[in-house]
Amino acid sequence: MPISSTKFSYQLSFSELLLIWAKEFGRHHLPWQQNPTPYRVWLSEVMLQQTQVKTVIPYFQKFLSVLPTINDLASAQLDQVLALWSGLGYYARARNLHQCAKLIVDQYQGYFPKQINELEKLPGIGRSTAGAIASLAMKQATPILDGNCKRIYARYFMVSGHYSNAAVLKLLWQYAEQVTPIQNTAQFNQAIMDLGSMVCTRTKPLCLQDSKTCPLSSSCSAYKEQQVLNFPHKKEKKKKVNKAAVFLVLTNDDKAIYLEKRKPLGIWGGLWSFPQFDNEKDAHLWLNEQLTDFTVQKISDAKQHTFTHFQLNYHELYVKTKEKLISVNEFNSNCWQPVRDALQLGLPTPIKKTLLSLNKE
DNA sequence: AAGACGTGGCG
DNA sequence: TCGCCAAGTCT
């Protein structure tokens, strides 16, 4: 790191301070840092969207062991990709990932384009993910702007307003461009994410304990003004909408479970789930339509599953039938499966939990 | 532009 | 217990 001679005092820049800090305190052993090919960096970046490192690590390793190259991913079935994604959430990421792999193999000979604007056109790759792939895996000098960067810039430059505001976002990108160095861009981008997750954290930033723990504290506007916890500004919260549902847990004498593949768009898109109804009456109408002989065994307690934008209040109707088949439809979007096999499918988390408890019985 | 889109962990 | 939100993108 270039330190100036003793004759002139020299203020180290934002990026120089951060790079020095990261060399000693940054994370250098995350799985995707070991062999940062475009495929691995891309996979990790998509998994890390709105998802914490600790959650991602086992999914990343499993995914990579099953589909080690972009060609493997491109030739895989979407069902298999969703099964590998099951439990991670935001399943559009998996659908876009698969779509993107096919596109790169078909149209780019299996190699990611180096140009940031080309990367950004690909499904599931926005400006920040494109910047991460280009800088971390392809030596380009492109900035990123993830949640860590946003929080750091909001504090360092005391940016007012919430990220959801387009003008605020634009300003944050301008700061990102301004402080991101042309040299050592990969190290810098990793460093700023490390600082955000380890030091400049949302609730207990370390600077408030000891200013020396943050390499940027002496030039940070919010720190100087004692406003650190007041930035970034919060978004006003809205009440969560409540929705109701009844799930039909239908088993037959062969201990097989009936599942349906959900539509490719919307919540849990493309995943396998129990037949879902708005209420118990609709569930019974469907049962009478589909079956001549069935028994309602039990009704579960009230359960709830909370999503980002609504809360689902539901219960499960456990039904047994002697009829072996409901015809598999032409889209292959329903099936009877032994519970053990069903657990290998791409399942929403609450459905997986119910199947696991069923499997124990 | 604002809302859709999951889940697990933490205080 | 429960609200908050973490390496965003798409429509």
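Only this structure's heavy atoms are used, side chains among them; waters, hydrogens and symmetry mates stay out. As the structure is a prediction and not an experimental result, all values here were calculated from the model. Note on naming: letters A, B, ... go to the chains in the order of the sequence lines (proteins, then strands), and numbering restarts at 1 for each one.
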Quiz item: Between A:Phe112 and A:Trp42, is a ring-ring contact (aromatic ring centres under 6.0 Å, His included) present by the stated rule, with each step listed?
Solution: CA-CA 10 Å; A:Phe112 282 83; A:Trp42 169 54; 5.2 Å; yes
Quiz item: Got a sec? Which of residues 304-311 of chain A come in under 4.0 Å of DNA chain B, heavy atoms?
Solution: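 Residues of residues 304-311 of chain A that come under 4.0 Å of DNA chain B are, in numerical order, A:His305, A:Thr306, A:Phe307, A:Thr308, A:His309.
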Practice problem: Please list residues of residues 28-55 of chain A whose heavy atoms come under 4.0 Å from any atom in DNA chain B, ordered by number; otherwise none. | Solution: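 Heavy-atom contacts with DNA chain B come from A:Gln50, A:Thr51.
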Regarding [X], tell me which of base, sugar-phosphate or nothing describes its non-hydrogen contacts under 4.0 Å with the strands shown.
| X | answer |
| --- | --- |
| A:Lys150 | nothing |
| A:Lys204 | nothing |
| A:Arg151 | sugar-phosphate |

Practice problem: Sticking with atom P, work out how far B:dG3 lies from C:dA7, rounded to a whole angstrom. | Solution: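 Each nucleotide's P atom is 23 Å from the other's.
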Self-check item: Boundaries of the DNA chain B segment in contact with chain A, non-hydrogen, under 4.0 Å
Solution: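 On DNA chain B, the outermost contacted nucleotides are B:dA1 to B:dG8.
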Quiz item: Excluding sequence neighbours, so at least two apart, what forms side-chain contact (heavy atoms from CB on, under 4.5 Å) with A:Cys214?
Solution: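 Partners of A:Cys214 under the side-chain contact (heavy atoms from CB on, under 4.5 Å) test: A:Leu195, A:Val199, A:Cys207, A:Leu216, A:Ser217.
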Quiz item: With sequence neighbours left out, what residues match A:Pro181 under side-chain contact (heavy atoms from CB on, under 4.5 Å)?
Solution: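 Only A:Ser15, A:Phe188 meet the side-chain contact (heavy atoms from CB on, under 4.5 Å) criterion with A:Pro181.
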Quiz item: So which heavy atom on A:Gly269 is nearest to which on A:Arg95, and how close?
Solution: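 For A:Gly269 versus A:Arg95, the nearest heavy atoms are O-NH1, 3.0 Å.
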Self-check item: Heavy-atom pair of closest approach, residues A:Val168 and A:Ser160
Solution: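 For A:Val168 and A:Ser160, the tightest heavy-atom pair comes out as CG2-O, 3.5 Å.
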Quiz item: Among all residues two or more places apart in sequence or in another chain, which pass the side chain to side chain donor-acceptor pair (under 3.5 Å) test with A:Gln276?
Solution: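 Partners of A:Gln276 by the side chain to side chain donor-acceptor pair (under 3.5 Å) criterion, ordered by chain and then number, come out as A:Arg262.
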Practice problem: Quick one: list whatever passes side chain to side chain donor-acceptor pair (under 3.5 Å) with A:Lys150, sequence neighbours left out. | Solution: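 A:Lys150: no side chain to side chain donor-acceptor pair (under 3.5 Å) contacts found.
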Practice problem: Identify, between A:Lys235 and A:Gly126, the residue whose nearest nucleotide on DNA chain C lies closer to the 5' end. | Solution: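 In this pair, the answer is A:Lys235.
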Quiz prompt | Where chain A begins and ends its contact with DNA chain C, read 5' to 3' at 4.0 Å from heavy atoms | solution =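 So the contact region on DNA chain C extends C:dC4 to C:dC10.
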Self-check item: A:Gln34 atom CD: more than 12 heavy-atom contacts under 6.0 Å
Solution: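 Counting neighbours around CD of A:Gln34, more than 12 heavy atoms of other residues, nucleotides or ligands fall under 6.0 Å, so yes.
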Self-check item: Crowding at CZ, A:Arg340 (>12 non-hydrogen neighbours, <6.0 Å)
Solution: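 Open: at most 12 neighbouring heavy atoms sit under 6.0 Å from CZ of A:Arg340.
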Quiz item: Do the numbers put A:Lys240 on top of the ring of A:Phe310, so that NZ or CZ is under 6.0 Å from the six-membered ring centre and no more than 45° off the axis?
Solution: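 No, A:Lys240 does not lie over the aromatic ring of A:Phe310.
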Exercise. Show the numbers, then the answer: is there a side-chain hydrogen bond (donor to acceptor under 3.5 Å, both in side chains) between A:Ser13 and A:Glu16?
Key: CA-CA 5 Å; A:Ser13 68; A:Glu16 288 167 335; 3.3 Å; yes
Self-check item: With A:Glu280 via salt bridge (charged side-chain N to carboxylate O under 4.0 Å, His left out) - residues at least two apart
Solution: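 Partners of A:Glu280 by the salt bridge (charged side-chain N to carboxylate O under 4.0 Å, His left out) criterion come out as none, since no residue qualifies.
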Quiz item: Can you name the residues that form a salt bridge (charged side-chain N to carboxylate O under 4.0 Å, His left out) with A:Lys303, not counting sequence neighbours?
Solution: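 So A:Lys303 forms a salt bridge (charged side-chain N to carboxylate O under 4.0 Å, His left out) with A:Glu316.
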Exercise. Using heavy atoms to find the nearest nucleotide of DNA chain B for A:Ser164 and A:Pro350 separately, return the residue whose nucleotide is more 5′.
Key: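 Looking at the nearest nucleotide for each, A:Ser164 comes out on the 5' side.
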Self-check item: Earlier contact from the 5' end, DNA chain B, for A:Gly269 and A:Ala166
Solution: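 The residue whose closest nucleotide sits nearer the 5' end is A:Ala166.
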Self-check item: Heavy-atom side-chain proximity of A:Trp272 to A:Glu260 below 4.5 angstrom
Solution: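 Result no, sub-4.5 Å side-chain heavy-atom pair not found.
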Exercise. Could you check A:Pro348, A:Ser86, A:Pro264 and say which one makes a side-chain contact (heavy atoms from CB on, under 4.5 Å) with A:Leu271?
Key: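 The side-chain contact (heavy atoms from CB on, under 4.5 Å) with A:Leu271 is passed solely by A:Pro348 among A:Pro348, A:Ser86, A:Pro264.
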Quiz item: For A:Phe294, what residues pass the ring-ring contact (aromatic ring centres under 6.0 Å, His included) criterion, not counting sequence neighbours?
Solution: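 Result, ring-ring contact (aromatic ring centres under 6.0 Å, His included) vs A:Phe294: none returned.
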Practice problem: For DNA chain C, find the residues of residues 189-199 of chain A with a heavy-atom distance under 4.0 Å and give them by number; none if there aren't any. | Solution: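 Nucleic-acid contacts, sorted: A:Gln190, A:Met193.
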